[in-house]
Amino acid sequence: MSLLQSWRWYGPNDPVSLQDVKQAGATGIVTALHHIPHGEIWPLEEIQERKQIIEEAGLQWVVVESVPVHESIKTRRADCEKYLENYRQSLRNLAACGLTTVCYNFMPVLDWTRTNLALQMRNGAKALYFDWTDLAVFDLFILKREGAEQDYAHEIAQKAKQRYASLSQQQLDALSEIIRMGVPMEGFISLEQLTESIEIYKSIGHNGLRENLAYFLESIMDVCEEAGIRMTIHPDDPPYLILGLPRIASSKEDLLYIIERVDRAPNGICFCTGSLGAGAHNNAVDVLKAVGHRVYFAHLRNVKKDEAGNFYESDHLAGDVDMYGVMRELVAINRDRQQPIPFRPDHGHQMLDDLHKVTNPGYSAIGRLRGLAELRGLEMGIERTLY
Ligand code: DNO
């Protein structure tokens, strides 16, 4: 049984069509009802409608990515019980439609963070990039976060000062938007909201956020067990502290803590090689060996870091992550499963014809098609030579 080749599709408004996905060779779809505001119940009819669109195209909806966890739950505000009940109801509705693998994250306020969405590669393709100096420009001079200077090495702070002086207002606005953006169709957070949230998380801290995650998991596990749902937490991207926000899913130790703290089968992991790989402290193969028994979904992509910790998203098989080692381990884990583990080529370069189109950052068609093709070949090579 091979891994299940899947593809993130943002829904009917995605410029990449389901027909395109089929041509890329994926059979599984990873999607979400992005138009439903965070925290609201996903209605049964809307889930069914989306499922039908996917099935009519000859594909199968295999992972729900994501059912977002409302900020009230992450911060355990007074009204969090209402949002927990909504979450449980969304899970019940999904299970009623046969959707049982769900991805989520517990990153405070922001989802993934980059500072440049179009870093030019030597071959002309464009990649997503994270640069500490640009983050410092945003943090120190745009957001003007209290105490932010302490979080940057003197050299970075100096470089940020110079860079800030050299950027136009338009460039600064663009940088600010990129940092405040997560999933494109879900909009971005304002500077005021971000500042407010940073204050709230300051008082919650690392341990508090861990407790809030444990409370969230404990509150939904019974429903997951009854409904056959498997939850998969997405690692922090990037896997270290940024903007003073606490991080609790950034390392092997963090992931082990999560699965051991609430030690029940539905408490699983979305193994994202690119997120983990951006941290010099992580060896993706080693992490997978430690937590593989709870991995129910994988995002496969690669990153290339420099000494300062800046990184760009590299070709799927060429970067700091040992993709051969990861695939070998994933294939071994998959062999013991009843159901194949879905994986998707996570992100891809904007390249070839896609350079002339409006695409969702990281989610243009051709770069991911290349990634999927390489990963599929890698898997087959491993299967044929090792088993
Ligand atoms: C980025 C994605 C993330 C992921 C969420 C999961 O490309 O991997 O946005 O979907 O963090 O909740």
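Residue indices begin at 1 and follow the sequence shown. Counting starts at 1 for both ligands and their atoms, in listed order.
- Taking every non-hydrogen atom of His299 and a distance limit under 4.0 Å, the qualifying atoms of ligand 1 come out as 8 (O).
- The contact set between ligand 1 and Arg344, taken as ligand atoms under 4.0 Å from a residue heavy atom, comprises 8 (O).
- With rounding to the nearest 0.5 angstrom, the CG atom of Leu59 is 12.5 Å from the CD1 atom of Ile53.
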>> Test salt bridge (Lys or Arg N to Asp or Glu O under 4.0 Å) on Arg114 and Glu313; report intermediate values, then the result.
In response: CA-CA 10 Å; Arg114 296 291 180 274; Glu313 300 191 356; 2.8 Å; yes
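- Evaluated for a side chain to side chain contact (heavy atoms under 4.5 Å, CB included) with Ser275, the options Pro235, Pro239, Pro238 yield exactly one hit, Pro235.
- The shortest side-chain heavy-atom distance between Arg50 and Glu46 does not fall under the 4.5 Å cut-off.
- In Asn105, the parts holding a heavy atom less than 4.0 Å from any atom of ligand 1 are both the side chain and the backbone.
- For the pairing with Lys252, the side-chain hydrogen bond (donor to acceptor under 3.5 Å, both in side chains) check across Asn283, Asn282, Asp286 returns one residue only, Asp286.
- Which of Asp111, Asn360, Asp236, Asp237 comes nearest to atom 5 (C) of ligand 1 through a heavy atom is settled by distance: it is Asp111.
- Atoms of ligand 1 lying under 4.0 Å from at least one heavy atom of Tyr363, given by number and element, are 1 (C), 2 (C), 7 (O), 8 (O).
- Residue contact check: Met107 has heavy atoms under 4.0 Å from atoms 11 (O) of ligand 1.
- The backbone of Tyr104, and not its side chain, has at least one atom closer than 4.0 Å to an atom of ligand 1 (non-hydrogen atoms only; backbone = N, CA, C, O).
- Contacts of Glu313 with ligand 1, taken as heavy-atom pairs under 4.0 Å, are absent altogether.
- Looking only at heavy atoms of the protein, atom 4 (C) of ligand 1 is closest to Glu65 OE2, 3.2 Å.
- The shortest contact between atom 8 (O) of ligand 1 and any protein heavy atom is with His234 NE2, 3.2 Å.
- Residue contact check: Trp112 has heavy atoms under 4.0 Å from atoms 1 (C), 3 (C), 7 (O), 9 (O) of ligand 1.
- Remark: Arg368 is not positioned above the aromatic ring of Tyr363, lacking an NZ or CZ atom under 6.0 angstrom from the ring centre and at most 45 degrees off the axis.
- From the protein, the heavy atom lying nearest to atom 12 (O) of ligand 1 is Ser66 OG, 2.6 Å.
- Using cut-offs of 30° and 60° for the angle between ring planes, the Phe216 and Tyr87 rings count as perpendicular.
- Note that CG of Asp134 is 12.0 Å distant from CG of Asp139, once rounded to the nearest 0.5 Å.
- In this structure, Trp132 has its ring center closer than 6.0 angstrom to the ring center of Tyr240.
- Ligand 1 places these atoms under 4.0 Å from at least one heavy atom of His347: 1 (C), 7 (O).
- For an aromatic pair to be called close, the ring centres must be under 6.0 Å apart, and His347 with His299 fails this.
- The protein atom (non-hydrogen) at minimum distance from atom 2 (C) of ligand 1 is Arg8 NH1, 3.5 Å.
- Within the 4.0 Å heavy-atom cutoff, Arg114 does not count among the residues contacting ligand 1.
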